[in-house]
Amino acid sequence: MIKTLKDIPKLKGKRVLVRVDFNVPMKDGAVQDDTRMRQTLPTIQYLTDKGARVILVTHVGRPKGKIIEELRVEPIAKHLEKLLNQSVAYRDECVGENVTKAVETMQNGKILFLENCRFHPGEESCSEEFCRELSQLADIYVNDAFAASHRKHASTAGIAEHLPAYAGLLVEREIEFLTPLLDSDHKNLTLIIGGAKVDTKIGVLNTYIGKAGAILLGGALANTFLAAEGYNIGASKYEKEKIETARELMMLAEAKQQKMYLPVDAIVGDTISNQATAIDLPLEDIEGDMKILDIGKKTQVIYAEIIAESKCVVWNGPMGLYEYTPFASGTRAIATALASPNNQLKTYIGGGDTVDAINRCGIKEDEFTFVSTGGGATLEFLEGKKLPGIAALEK
Ligand code: ADP
Ligand code: 3PG
Ligand code: MG
């Protein structure tokens, strides 16, 4: 059993270190999509309302143990101030003498935001020393970083060995919504996988091949599968070293008579920009230095029809380079099909970029059954794996 916020006996005056996942898309020092931040507000507010001294820590990007100026969390702390309408003190370190002093002088109900924990080499290696240093800042540890809970790092897992550890309200909610999916009848489930990296999606494909009603592939990930099928994909983004994996997954799908769909047409562009002209082509016509940047119109129709016949859909990964309007139509077609008013259809969406994409389409989150803040974490959870950040709370 995991203990949650309401199990904490007394919060007034307590120093509570809360691991959040504020690894949000940033551009020119501004937060582009604050979904993950907004989803954590109930935990922060619960703690401050009860008079706790709240110490927030997050990672941003992959600085690999070094300080990278662009990955400092100061703009995120500023954005949080606006969301909470409350001052948030920022420190440009996450452990050490200055941080200890800042914690000592904190008043009840106040918030201190520490620097990107991945600037410290001990974070990802989960070093004993860094776990201890972090834990010494607080009396209680709360994990509300569902999206980072598949990482066995100091601030997501290791620290729980040193302090009484609890799940935050977001982690509690994610587990509550995603757990029933694990036990449900997968025959009626359609899995839509897109995005960029084959690696993070192999596990969930392996788990669902042979079980799901249908599997639909899109995005740069589908390009790797198309290349494995022998299609000429021109100069499209794909992962050469994952072609063999893609081939194996397709053979597995065939052996298990799994309906697994690949795009039948593609959108290419004359440039990669918001002014680009999008051209829809059958796959056979892709050649030379053409780049597949989205699923084509025919594929969009086929995928929307399959969605309409499904009872439950799990979607992770955009269908194309959605950041540019000419290549966003495939992703928008999926989002629209999922948000269509059909009370019978249950829809689960995960992935930082996928959530950003649906927000850009102007579709409200409450049009879906559940929007998870996790990407890799949600996929690993749905594979049935125990996430280290959650397992650490069970001790
Ligand atoms: P999520 O964060 O939702 O899990 P991913 O991180 O796996 O999704 O992938 C999202 C990224 O994939 C986006 O930046 C998107 O532009 C990119 N992408 C999707 N399709 C293509 C494509 N055909 N060519 C290049 N990039 C693509
Ligand atoms: C995510 O964006 O999926 C999480 O913040 C985890 O980030 P990571 O893949 O760099 O560990
Ligand atoms: Mg992403």
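Note that ligands are numbered from 1 as they come in the structure, with each ligand's atoms numbered from 1 the same way. If you're wondering where the values come from, they're calculated on a predicted model, not measured in any experiment.
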Nearest protein heavy atom with distance in Å, relative to [atom]:
atom	result
atom 7 (O) of ligand 2	His59 NE2, 3.4 Å
atom 25 (C) of ligand 1	Lys237 CD, 3.5 Å
atom 11 (C) of ligand 1	Ala196 CB, 4.1 Å
atom 16 (O) of ligand 1	Glu323 OE1, 2.5 Å
atom 8 (P) of ligand 2	Arg62 NH2, 3.5 Å
atom 19 (C) of ligand 1	Gly320 O, 3.2 Å
atom 1 (C) of ligand 2	Arg36 NH2, 3.4 Å
atom 4 (O) of ligand 1	Asn316 ND2, 3.2 Å

message: Would the distance check show the side chain of Asn23 and the main-chain N or O of Gly61 forming a donor-acceptor pair, the cut-off being under 3.5 Å?
response: yes

_Side-chain (Asn316) to main-chain (Gly350) donor-acceptor, under 3.5 angstrom_ = yes

(message) Can you tell me how the ring of Tyr261 sits relative to the ring of Tyr303, calling it parallel under 30°, perpendicular over 60° and tilted otherwise?
(response) perpendicular

For the Mg ion (ligand 3), the closest N/O/S atom belonging to Asp353: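 Result: OD2.
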
Contact region, His153 to ligand 2, non-hydrogen atoms below 4.0 Å, reads neither

[X] versus ligand 1: do any nitrogen or oxygen atoms come within less than 3.5 Å of each other?
X	value
Met319	no
Ile292	yes
Asp353	yes
Gly219	no

Residue pair Tyr90 / Glu115, side-chain donor-acceptor N/O under 3.5 Å: yes

| task | Give a yes or no on this: more than 12 heavy atoms of other residues, nucleotides or ligands lie within 6.0 Å of atom CD of Glu254. | result |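 Not more than 12 within 6.0 Å, no.
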
Heavy-atom neighbours of Gln107 CD exceed 12 at 6.0 Å | no

query: How far apart are the C-alpha atoms of Val18 and Ile44, what are their side-chain angles, what is the distance that settles it, and do they pass the side-chain contact (heavy atoms from CB on, under 4.5 Å) test?
result: CA-CA 8 Å; Val18 187; Ile44 300 172; 5.6 Å; no

- Message: Tell me the closest heavy-atom pair linking Gln32 and Met26, and the distance in Å.
- Response: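 Closest pair (atom of Gln32, atom of Met26, distance): CG-C, 3.9 Å.
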
Worksheet entry | pair Asn143-Thr156: side-chain heavy atoms closer than 4.5 Å |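 Of all side-chain heavy-atom pairs linking Thr156 with Asn143, none is under 4.5 Å.
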
Stepwise, does the side-chain contact (heavy atoms from CB on, under 4.5 Å) test hold for Leu11 with Tyr46? CA-CA 10 Å; Leu11 277 164; Tyr46 179 94; 3.8 Å; yes

Electrostatic pair [X]-[Y], nearest N-O below 4.0 angstrom:
X	Y	result
Lys187	Asp185	yes
Lys14	Asp139	no
Glu244	Arg247	yes

Below 4.0 angstrom from a heavy atom of [X], which ligand 2 atoms are there? Numbered from 1 as shown, please.
X	answer
Asp21	4 (C), 5 (O)
Arg118	8 (P), 10 (O), 11 (O)
Arg151	8 (P), 9 (O), 11 (O)

If you count the atoms of ligand 1 from 1 in the order shown, which ones are under 4.0 Å from a heavy atom of [X]?
X	value
Leu321	16 (O), 20 (N), 21 (C), 25 (C), 26 (N)
Thr354	1 (P), 3 (O)
Leu293	23 (N)

Option set Ala147, Ala220, Gly317, criterion heavy-atom distance to atom 21 (C) of ligand 1, minimum:
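That would be Ala220.
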
Practice prompt. Please state whether Ala147 comes within less than 4.0 angstrom of ligand 2, counting heavy atoms only.
Written response: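 Right, Ala147 reaches ligand 2.
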
When rounded to the nearest 0.5 Å, the distance separating CD1 of Ile334 from CD of Gln300 is 7.5 Å

Please state whether Lys201 comes within less than 4.0 angstrom of ligand 1, counting heavy atoms only.
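It does, in that a heavy atom of Lys201 comes within the 4.0 Å cut-off of ligand 1.
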
_Using a 3.5 Å cut-off on N or O atoms only, is Asn23 in polar contact with ligand 2?_
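It does: an N or O of Asn23 is found under 3.5 Å from an N or O of ligand 2.
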
